[in-house]
Amino acid sequence: MSRLNMHMNHVANHRPEFHAVAFTDVSKLYGDKIALDRVTVHIAHGEVIGLLGPNGAGKTTLLEILEGLQEPSSGLVSIFGKRPALLNPGERGRIGIVFQRYALPSELTVGQLCDLYQHMYPADPDKQGLITQLGLAHLLTQQIGDLSAGQTQRLSIFAALYGDKSLLVLDEPTSALDVRSRRAVWDALLLRKQQRNFSGVIATHHMEEAMELCDRIYFIDNGKIRMSGNAQELLQQHACRISIKFTAPAWLVEELKESLPADAPLTLHGQQHMISCASHQAAGLIGAILLLEQTNGLRLNLVVTQPSLEDVYLSVIAN
Ligand SMILES: Nc1ncnc2c1ncn2[C@@H]1O[C@H](COP(=O)(O)OP(=O)(O)OP(=O)(O)O)[C@@H](O)[C@H]1O
């Protein structure tokens with residue numbers, strides 16, 4: 001990295017206005033419950049981050065602070081260089097939100113709400129395109145109060161994406177969606193991202209969603225950030241183990257056990273045996289099993305599984 005880049009990074013880390021969102025050393029207490037514990041998350045302009053963590057980890061609390069619905073107990077929060085409470089209506093209008101508890105006006109029809117958004121954001125030319133992409137075209141005359149949970153969620157995503165948005169704050173935006181609708185929403189988000197280059201923060205329980213949509217992923221647990229990076233970095237930082245699964249008669253398993261390294265345990269899962277090993281051990285062990293298969297004329301149904309982001313997550317959260 002050049003000295004100029006290093007200097008710019010240093011300045012950016014200490015000047016919140018250089019980030020779209022700066023969460024610096026933020027804690028939040030509900031009574032004596034610590035929901036966020038000295039959390040620092042900086043989101044660059046045009047960057048979308050993912051928040052992954054178990055139920056009660058603090059994801060919604062972080063998003064609610066960002067939205068100005070909660071005040072932090074300590075620490076600094078800024079959006080485009082300002083405290084959330086000090087944003088003017090115009091600046092607020094450039095934040096697209098999907099919240100679990102955010103209700104749309106149930107007495108309007110879908111079409112009326114979309115028209116209202118067109119009126120609020122007259123410069124956005126693509127109302128019809130977004131309606132079609134999000135699978136809302138056949139629902140325009142339906143009252144919002146009569147929509148299913150997934151249909152309501154797709155309409156909330158329309159409301160978040162439509163208009164000149166600079167920041168998206170999405171809390172489990174596809175939790176109620178079927179597989180096809182979820183992918184349609186991802187496509188719509190990625191397309192708008194290409195066109196608008198907004199920043200964003202997405203809390204989700206879907207690893208695949210985080211990998212598809214986010215430039216960087218934060219694992220949060222018990223109010224603390226445990227790990228962050230892009231998917232590749234997270235996999236590399238955390239040396240996860242490879243699993244080698246096979247079926248074999250007991251005598252062969254006993255034979256194999258004698259040649260296994262002490263740190264590559266063999267366990268039985270139903271009918272399947274599994275060896276969990278470090279990546280540098282995998283090739284040798286696979287070779288040994290294939291040799292046993294060949295010399296004994298057996299079919300051992302060997303399956304090798306590389307660690308996934310979900311494995312990293314589970315192991316980070318378990319620790
Ligand atoms: N208004 C509140 N009053 C008291 N405690 C709260 C309040 N809101 C959240 N909490 C607590 O703070 C912690 C963090 O909750 P939060 O809703 O931020 O978790 P989350 O990561 O979004 O969980 P989930 O994945 O289940 O949505 C939890 O222990 C929760 O019980």
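What you see below is based on every heavy atom in this structure, not just the backbone, and it leaves out hydrogens, waters and symmetry mates.
- Within the 4.5 Å cutoff, no side-chain heavy atoms of Pro72 are placed close to those of Leu36.
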Quiz prompt | Audit row: Leu302, Glu293, side-chain contact (heavy atoms from CB on, under 4.5 Å) steps and yes/no | solution = CA-CA 10 Å; Leu302 186 72; Glu293 183 173 59; 5.5 Å; no
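- Using a 4.5 Å heavy-atom threshold, the side chains of Val312 and Pro307 count as separate.
- Under the 3.5 Å distance criterion, the side-chain polar atoms of Glu47 are left unmatched by any main-chain donor or acceptor of Ser199.
- Under the 30°/60° scheme for interplanar angles, the aromatic rings of His42 and His19 are found to be tilted.
- The backbone N or O of Gln232 lies less than 3.5 Å from a partner atom in the side chain of Asn230, making a donor-acceptor pair.
- No side-chain heavy atom of Phe158 sits under 4.5 Å from any side-chain heavy atom of Leu104.
- Remark: the backbone N or O of Phe219 is not paired with any side-chain donor or acceptor of Arg226 at under 3.5 angstrom.
- Under the 3.5 Å distance criterion, the side-chain polar atoms of Glu209 are left unmatched by any main-chain donor or acceptor of His206.
- Of the listed residues (Ser276, Ser279, Ser315), just one forms a side-chain hydrogen bond (donor to acceptor under 3.5 Å, both in side chains) with Arg241, and that residue is Ser276.
- Among Asp164, Asp187, Asp124, the single residue meeting the salt bridge (Lys or Arg N to Asp or Glu O under 4.0 Å) criterion with Arg192 is Asp124.
- In this structure a side-chain-to-backbone donor-acceptor pair under 3.5 Å is missing from Ser27 to Asp37.
- Two residues are said to be in side-chain contact when any heavy atoms from C-beta on lie closer than 4.5 Å; Leu266 and Met274 fail this criterion.
- Atom CZ of Arg38 sits in a sparse spot, with 12 or fewer heavy atoms from other residues, nucleotides or ligands closer than 6.0 Å.
- In this structure the side chain of Ile43 never reaches within 4.5 angstrom of the side chain of Phe23, judged on heavy atoms.
- Between the Lys245 side chain and the Asn301 main chain, no donor and acceptor come within less than 3.5 Å of each other.
- Salt bridge annotation for Glu254-Lys257: present, with a cationic side-chain nitrogen under 4.0 angstrom from a carboxylate oxygen.
- Looking only at distances, no side-chain donor or acceptor of Gln194 sits under 3.5 Å from a matching main-chain atom of Leu191.
- A donor-acceptor contact closer than 3.5 angstrom is absent between the side chains of Asp126 and Gln195.
- Judged by distance alone, the side chain of Asp215 and the main-chain N or O of Val48 form a donor-acceptor pair under 3.5 Å.
- Counting heavy atoms from C-beta on, the side chains of Arg154 and Leu139 come closer than 4.5 Å.
- Side chain of Lys33 to backbone of Lys28: no donor-acceptor contact under 3.5 angstrom is found.
- Side chain of Gln70 to main chain of Glu64: no donor-acceptor pair is present (N/O by atom type, distance under 3.5 Å, no hydrogens or angles).
- Judged by distance alone, the side chains of Gln153 and Ser175 do bring a donor and an acceptor atom under 3.5 Å apart.
- Between the side chains of Lys127 and Gln118, at least one donor N or O lies within less than 3.5 Å of an accepting N or O.
- Donor-acceptor pairing under 3.5 Å is lacking for the side chains of Ser166 and His45.
- You'll find the side chain of Glu208 reaches within 4.5 Å of the side chain of Trp186, heavy atoms only.
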